[in-house]
Every structure is written in C-alpha cells, then in structure tokens.
Amino acid sequence: MKILLIGNGGREHAIAWKMALSTIVDKIYCAPGNGGTHLENKCVNVNLDTIDELLNFAKEEKIDLTFVGPEAKLVEGIVDVFKENGLKIFGPSKAAAELEGSKAFAKEFMKKHGVKTAAYEVFDRVEEALDYTEKCPYPIVIKADGLAAGKGVVICGTAEEAQNTLKDFMVNDVFKGSGKKVVMEEFLDGVEASILSVTDGNVIVPFISAKDHKQIFDEDKGPNTGGMGAIVPNPYCTENVLKEFEETMLKPTLSGIKEEHMDYCGIIFFGLMITKKGTYLLEYNVRMGDPETQAVLPLLESDFTEIILAAIDGKLKDVEIKWKKGGACCVVLASKGYPGSYETGKAIDIKAAESKVFAAGAKYEDDTLKTSGGRVMSIVSTGDTLEEAIKNAYADIKNVNFEGMYFRKDIGTLYR
Ligand code: AMP
Ligand code: GLY
C-alpha cells in the first residue's frame, strides 16, 4: 500500500521508519519530510503544503492511507476534506481536533464529562481577566486558548506577572488571535507524563507511558523547548497512577467522545500531571508527541500500520498491541543557541550506530545532510531495562557530529 505521511519532524521520521518495517507498506510519501525521511527505506519526500495540494496528490497517486503528524492540519480540518473526497485518512475530524485547538473547549469537555483536571476560569474580555488577577490564587497558569506552537502557557507567580501576560496575550495579540481568549488555571505541582493512545471512537487503547524533558539545560533548568529527550516507560507511571488515569481520564473521555458524537478515529495524547494529591489531566493533544513518539515506536512490537487500519475499520478492540520488554531513551541533538537563535547549514557527520538516528531539523542538500533547524537529530536506543537504554543512547552519541552540537547529559535522570 501507498501512504502519505504529513509532517517534517523527528516524530514523522520515527513514524516513517516504523511504517517502512511493515510488510504491507510499499511506499511512503513524506510531505514535506526531512533529510532523514529522504534517506529512509521506502520513503520519498514530496514538497506539498496546503490541504488542496495534499488532496490532489493523494487522488492522483491513489494513496491508500494518509497519516497526519502535526496538529495544525487536523485543526484546519484536513480529515473532513479527505473523507468528503472518499480518501482514507487517520485523525480526528475538525470538530474533535478542537480538543487540542481550543484549551477552553477542552476544559469545558473535561468538566462536562467528569475528567479529572485543574480548576479553571475562561475569559475573553481582558477587563474581567485583569479583575481575576486581584483575587486568584498564585501561582496561576495562564493559557492562550488557541494553538501557539507550544509557547502559549505562562506560569505567573505574581499579579503583576499575570497582568503583563494577559496584556501580551489579549491586547498586544502576540499569538495572532490564539490568545484573545485565555484559560486561567490552578497551578499543579508535580511531575508530568505523556500517554499517547489510539482510538477508533469505540475504545481508547493507551500506548506505553512516556516522559519528555522539556528544559534546555541539565537538571531541568533553563527555558522550555519542544523537548530535549524522552524516556519510555515513564518511571512515575506506577500501577496506581495508570489505574487512576484509566478511571478518571480515559473512561470519561471515551464516554464524552461518544456522547458528543465526535468523529474521532486517530491518536489521542493525554498530558498528565502526577501530584501528591492525585493525578490530573493537563491537556489533550490530537496527535503523537514529539520527542515521545521517537522513544515509543521502537518499543512497539506490533505493526503500527495495521493498528491504524484496524482503527479506521472500527475494529480496534480486536487488536492486541504488543510492546517489547525493557525501555527506550531518546536524546535530542540540537544546534548551539536553541531555543534562541542558532546557525544552520552545518554538515552532519553520521557513522554507523547501533541506535536509531532520527532526523528533525536536518535537510539533504548537495548529497549531504545539513542542519536546518534547532532540534537537528535524535539518538534513540532500546535496552532490556530503561537504564540500559539510556546507557546505550549516550554511548552512541559519538557517532553523530556537527558544528555546535548540543545535547543534555542527563536524559532519564529524575529530579523529584
Ligand atoms: P499544556 O499545553 O496545557 O500542556 O501546558 C504546557 C506546559 O505547561 C505543561 O506541559 C506543563 O509543564 C505546564 N502546565 C500546564 N498547565 C499547568 C498547571 N495547571 N500546573 C502546572 N503546570 C502546568
Ligand atoms: N512533547 C510534548 C508534545 O509533543 O506536545
């Protein structure tokens, strides 16, 4: 079968790699893909961007299955358009993608269906939001309602900070519309977990738990990034936490999807906060996490493409998703200066490595791989235990090199 895979990150390289291992997959068109997917088995990069371009390509090439990596196209409604045109696509409808596209919508959904989450208020008038800063508890978490490329959440310690954030979001409109409405939410002190899951609208099947490391520097210091590494499974996801997740998040979410008649066949990612007083749902994402996916898929024993096809047929309950024993670790190799400004165009030298090397901000040009983004590559290793996976990943970093290469030395270290 022929697959169209949309996206250009490390997540998409990992998905392309895993799909290429499937005996039922002949060819994967990566739109636009990156330097890693260019070199990947069965993969061809195609330079397509808009929904119209993707739709025309899928029709002309008689694509059997389209997989959407990032959230933006899902929120834009690509699934509805492809389905109206009789094409097979995996992902939530535009209406269901609002679970990620609008934080206010997601919180209302959680509240209505009894999903355990932090207390919150929604404001679309700046005067009312500013009034609330006079009486809300601190720290308070302010979230832009719409998509903001991971930058739309600010934890404010004081009223002054909250007021400045609200002015930036709602008056100065730094997120071009996305921050005109805000969610102001109770601060939860704890550790995070990412539970990627797959749903066909009848059941939600969780994948193995993951933990990402968001901060740029060791010891979880410095500004947040798109993610500097990930480990699987998440050591904080004990049996009790997973049971609480299933009862207070997964089950009510599934009931909500059914009650609201949401057309949801795709990935649903639960972002959890595990605190001393229990576990809460911070957010839904309607796509796979990055870098989590890069560490999750190497541990998946089952055929990923077959899982997706079963979900599209509404037969997920008949599928057993098998995981390899042990753990996985992903260490991101970034350009010096990221998440601030950085240089690109540096040649990347890769020697044969035991680990999987996934590309993100790397392009193939003049027969060489060159850096083209902040997070350039990842080294991903598995092991019989998580500790071994971490050791294997770090042992293999010497096989990749480019000028200004930076990585965290402590992926997998737990600080609390
Ligand atoms: P979100 O996009 O809602 O997941 O928020 C992005 C990040 O902000 C999360 O991964 C957390 O690190 C942090 N965050 C969000 N909501 C809260 C909260 N209620 N309490 C503490 N931290 C939060
Ligand atoms: N790593 C978090 C995310 O993909 O949103």
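Order of listing sets the numbers, starting from 1, for every ligand and every atom in it. Please read all numbers here as calculations on a predicted model, not as lab measurements.
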Chemist: Can you confirm whether or not the ring centre of F175 sits under 6.0 Å from the ring centre of F169?
Modeler: yes

Chemist: As a check for students: among K143, M273, E185, identify the option with a heavy atom nearest to atom 22 (N) of ligand 1.
Modeler: M273

Chemist: Need the ligand 1 atom indices (1-based, order shown) with element for anything under 4.0 Å from a heavy-atom of F187.
Modeler: 20 (N), 21 (C)

Chemist: Looking only at the side chains, is there a donor atom on one of Q294 and D290 sitting less than 3.5 Å from an acceptor on the other?
Modeler: yes

Chemist: Holding to salt bridge (Lys or Arg N to Asp or Glu O under 4.0 Å), I want the full list of residues that pass it with E127, two or more places apart in sequence or in another chain.
Modeler: R125

Chemist: Quick test: of every protein heavy atom, which one is nearest to atom 14 (N) of ligand 1, and how far off is it to 0.1 Å?
Modeler: L282 CD1, 4.1 Å

Chemist: For the backbone of L147 and the side chain of S178, can you confirm whether one donor and one acceptor N or O come within less than 3.5 Å of each other?
Modeler: yes

Chemist: Salt bridge check, E192 against K211: does any charged N sit closer than 4.0 Å to a carboxylate O?
Modeler: no

Chemist: Kindly identify the option in E283, M184, K107, E192 whose heavy atom sits closest to atom 9 (C) of ligand 1.
Modeler: E192

Chemist: Excluding sequence neighbours, so at least two apart, what forms side chain to side chain donor-acceptor pair (under 3.5 Å) with K363?
Modeler: E365

Chemist: Heavy-atom contacts with ligand 2 below 4.0 Å: which residues, ordered by chain and residue number?
Modeler: D212, N285, R287, G289, D290, E292

Chemist: Could you tell me if the ring centre of F270 sits under 6.0 Å from that of F245?
Modeler: yes

Chemist: Relative to the heavy atoms of K214, which atoms of ligand 1 are at a distance of less than 4.0 Å?
Modeler: 10 (O)

Chemist: In the protein, what heavy atom is nearest to atom 21 (C) of ligand 1, and what distance, to one decimal place, separates them?
Modeler: L188 O, 3.2 Å

Chemist: Which residue and non-hydrogen atom of the protein lie closest to atom 5 (O) of ligand 1, and at what distance in Å?
Modeler: V153 CG2, 3.3 Å

Chemist: Do R287 and E100 sit within salt-bridge range, that is, some charged N less than 4.0 Å from a carboxylate O?
Modeler: yes

Chemist: May I have the list of side-chain donor-acceptor pairs in residues 298-312 shorter than 3.5 Å, sequence neighbours left out?
Modeler:
from : atom 1 : to   : atom 2 : distance (Å)
S302 : OG     : K322 : N      : 2.6
D303 : OD1    : S22  : OG     : 3.4
D303 : OD1    : T305 : N      : 2.9
D303 : OD1    : E306 : N      : 3.1
D303 : OD2    : S22  : OG     : 2.6

